[in-house]
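Report on the following structure.
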Number of protein chains: 2
Amino acid sequence: MKSRPTIIDVAERAGVSKSTVSRVVADDGQGVSDRARERVEKAIEELGYVPNAVASSMRTARTNTIMLAIPDITNPYWPEVARGVQDVMDEEGYSVVFANSDWNTHRERKYLEMVRRNRLDGLLINPVGVSNDELKALAVPTVVLGLQQGITDFDIVGSNSYTASKTALDHLVSLGHRRIGLIWGQRQGRVKGPRLSAYTDFLRDAGIEQDENLIVSMPFSLAGGVEGMGRLLELERRPTAVYCDNDIIAIGALQAANNAGLRVPEDISVTGVDDIFAASTTTPPLTTVSKPKYDLGRQASRFLLEHIDQGTPDAPRTLLLSCQLRVRGSTAPPG
Amino acid sequence: MKSRPTIIDVAERAGVSKSTVSRVVADDGQGVSDRARERVEKAIEELGYVPNAVASSMRTARTNTIMLAIPDITNPYWPEVARGVQDVMDEEGYSVVFANSDWNTHRERKYLEMVRRNRLDGLLINPVGVSNDELKALAVPTVVLGLQQGITDFDIVGSNSYTASKTALDHLVSLGHRRIGLIWGQRQGRVKGPRLSAYTDFLRDAGIEQDENLIVSMPFSLAGGVEGMGRLLELERRPTAVYCDNDIIAIGALQAANNAGLRVPEDISVTGVDDIFAASTTTPPLTTVSKPKYDLGRQASRFLLEHIDQGTPDAPRTLLLSCQLRVRGSTAPPG
DNA sequence: TTGTAAGCGTTATCAT
DNA sequence: ATGATAACGCTTACAA
């Protein structure tokens, strides 16, 4: 049971030095005679030689591996983002290590340490607890996924939910709605939410009277949506439409409306945000604001690769991809 | 801009040798005096030393990293499996690299090569094209996810869909259905499907007349489900219930039934397999066979870790986790 | 208990 | 165009 052939075995077999073998493997178009190249390639073939990336990393201080740290791959929002990341990294010959922080700062910190120990080349992160400074202390090329309060020194790639929310609200208003509820998702004390300000700003600009009672704050879950819609339906003056902070909440709201014997959209309209798969399979299918999830992953990856190759640029950029309103069946003029 | 401190820096600062530092870092409870340990720990602290895993791998020939190769993380079935893998690997200090083959054998082969180059410690794979022999040639601890035809030399962790299908069929029959359609998912010429045999076997055992027309084969997609249900509804003698090969197909079938003006479950019952998130949010919610996706990931990981730690066992095992029937709203006695 | 020293498989520098 | 040779940072016999 002899172990894997090394560059030396190849060199011996080809009758050249390690250096030459290394040169043909690197394939930089460096100076190697055709004759030498041929013999080396033949030897590689015969021995089934596969270069040892670990040894290479040792010398070059590059691992060609990055980490993607997100809260939870099980949340229907993330797989597409992950796929975007995966695809561009793959093209560029990078491996991507996945990490699920589970909204747990402690776990998240462990991942940062893993990045250091394993000398990963970069980090793509949707931070749930770590600060701008901690990220800075990591001293590794980093791009942040999603708009985050307090992130000032890194490139950020997110989506323009402020504008997107306005589009959705505009859709509702143009249908004739004036009394619009908001089920707003609780983030753990971070971003107060472009979506909340979009709501307030929009209503003000549209000259619609604001009503504190129409705003409820709920966890990002089906149950949160159910509960939130429940609250809204208890109101004396019910909303005719409800704008939910994400699709999962919206689906919960849809269910609550159904359970209360209301028809959607005839009796009440509902909209969500994200456009996860399940949003298209409800009855009625959910009108929602589609986030460019896949592209978000791709763009963030491109930025990260730039940082890795060309060093972190002087001024951090914020790239906001635009969202798209997908009008489906859950919205209609007020009954 | 000095680079990261190495074990030598720590040694110097603590006034000991590298070996000693290495010993306290390894923390094997090896012979190290309390005094030495203290000084080393202090030095590590002060310097902010983080061991270089790459260098370590170089010596130990272990990377503490495995690869999870699946067709597509975007398919709602996989994220939970991935999460299971992630969680146990995390506990054991392993990183997991993700790879999406996209049902492309070529891509899949590239991933196998990546496993070699990067000297990964193990592979968890749902093979889409590579053969048992190719996997064997990899010579890396491997566990296969999902029952696969032709895999003879590896541990397999899957779910008992044969039994599960029978349970679902039994549910339908006990509700009174006798004419049960099957929308069967096309795999790329691999497993003919325990689900198909389950169907045939079950009907035979239940003394129900078989009808070729009730079996249609479709791609694993929403469109496939729509189309499949369409075919079934064109039949002179329509089925009163349809058993679908997975939830996505079932959801498509549900939509087709709705579009045809049929009520589910009053006019026709529908069941799926997998229990993806969207299955619980349709109207009516889908009765389905729930696969132990998370556990599947966990179990497969445990097997893999055994192989890594104790070497590949003599006889490959096949572990079939059992599925659970989830009766929801899409099934009822025939109208 | 501690230290010395020999690798691990590459890449990069410097001669030739 | 090619070859010696010195790192890279760690682990692990073996010696002391």
Side-chain angles (χ1 to χ4, degrees), chain A residues 2-41 43-44 47-65 93 115-121, chain B residues 1-41 43-44 47-65 93 114-121:
Chain A
K2 56 182 288 273
S3 69
R4 299 261 178 74
T6 76
I7 203 172
I8 297 188
D9 300 318
V10 176
E12 277 170 4
R13 177 148 200 144
V16 297
S17 71
K18 324 193 284 178
S19 318
T20 301
V21 176
S22 180
R23 284 181 191 111
V24 355
V25 169
D27 197 29
D28 293 359
Q30 291 295 340
V32 178
S33 66
D34 289 351
R35 184 162 158 289
R37 160 165 284 115
E38 247 169 45
R39 306 185 51 150
V40 169
E41 279 167 351
I44 287 177
L47 290 167
Y49 167 73
V50 177
N52 184 332
V54 175
S56 172
S57 295
M58 177 96 170
R59 266 304 320 222
T60 61
R62 302 274 260 87
T63 50
N64 292 304
T65 304
V115 169
R116 305 191 73 133
R117 301 177 67 91
N118 293 344
R119 300 300 194 260
L120 302 191
D121 294 338
Chain B
M1 191 67 193
K2 57 182 288 271
S3 69
R4 300 259 178 75
T6 76
I7 203 173
I8 297 189
D9 300 318
V10 176
E12 277 171 4
R13 176 146 200 147
V16 297
S17 72
K18 317 194 293 178
S19 326
T20 301
V21 176
S22 179
R23 285 181 191 111
V24 356
V25 169
D27 197 28
D28 294 358
Q30 290 295 342
V32 179
S33 67
D34 288 352
R35 184 162 160 289
R37 160 165 282 116
E38 245 170 46
R39 306 182 53 148
V40 169
E41 279 166 351
I44 287 177
L47 290 168
Y49 167 73
V50 177
N52 184 332
V54 174
S56 171
S57 294
M58 178 95 170
R59 271 300 320 225
T60 61
R62 303 273 260 86
T63 51
N64 291 305
T65 304
M114 199 183 250
V115 168
R116 305 191 74 135
R117 301 176 67 93
N118 294 344
R119 300 299 193 259
L120 303 190
D121 293 339

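Owing to the predicted nature of the structure, the values given are computational and were not obtained by experimental measurement. We name chains A, B, ... by the order of the sequence lines, and we start the count at 1 in each one.
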Let me know the distance between CD of B/E38 and P of C/dT2, rounded to the nearest Å.
12 Å
Applied to residues 13-22 of chain B, the salt bridge (Lys or Arg N to Asp or Glu O under 4.0 Å) test, sequence neighbours excluded, yields B/R13-B/E46
Could you tell me whether B/D34 atom CG has more than 12 heavy atoms of other residues or ligands within 6.0 Å of it?
no
Rounded distance (Å) that lies between atom P of C/dC8 and atom CG of A/D9
11 Å
Bend angle of the helix from C/dT1-D/dA16 to C/dT16-D/dA1, from helix axes over five pairs at each end, nearest 10°
30°
What's the CZ-C1' distance between B/R116 and C/dT10, to the nearest Å?
18 Å
Testing A/V25, A/D9, A/I7 one by one against A/I44 for a side chain to side chain contact (heavy atoms under 4.5 Å, CB included), which residue passes?
A/V25
What residues, two or more places apart in sequence or in another chain, satisfy side chain to side chain contact (heavy atoms under 4.5 Å, CB included) together with B/E38?
none
Between protein and nucleotides 2-12 of chain D, map the contacts as a letter string: B base, S sugar-phosphate only, - none, heavy atoms under 4.0 Å, written 5' to 3'.
BBBBBBBBBBB
So do the side chains of A/L47 and A/V10 get within less than 4.5 Å of each other, counting heavy atoms only?
yes
Set of side chain to side chain contact (heavy atoms under 4.5 Å, CB included) partners for B/T65, sequence neighbours left out
B/T63, B/S95, B/V97, B/L120
What pairs with A/R59 under salt bridge (charged side-chain N to carboxylate O under 4.0 Å, His left out), at least two apart in sequence or on another chain?
none
At their closest point, which heavy atom of A/A11 faces which heavy atom of A/S17, and how far apart are they?
CB-C, 3.7 Å
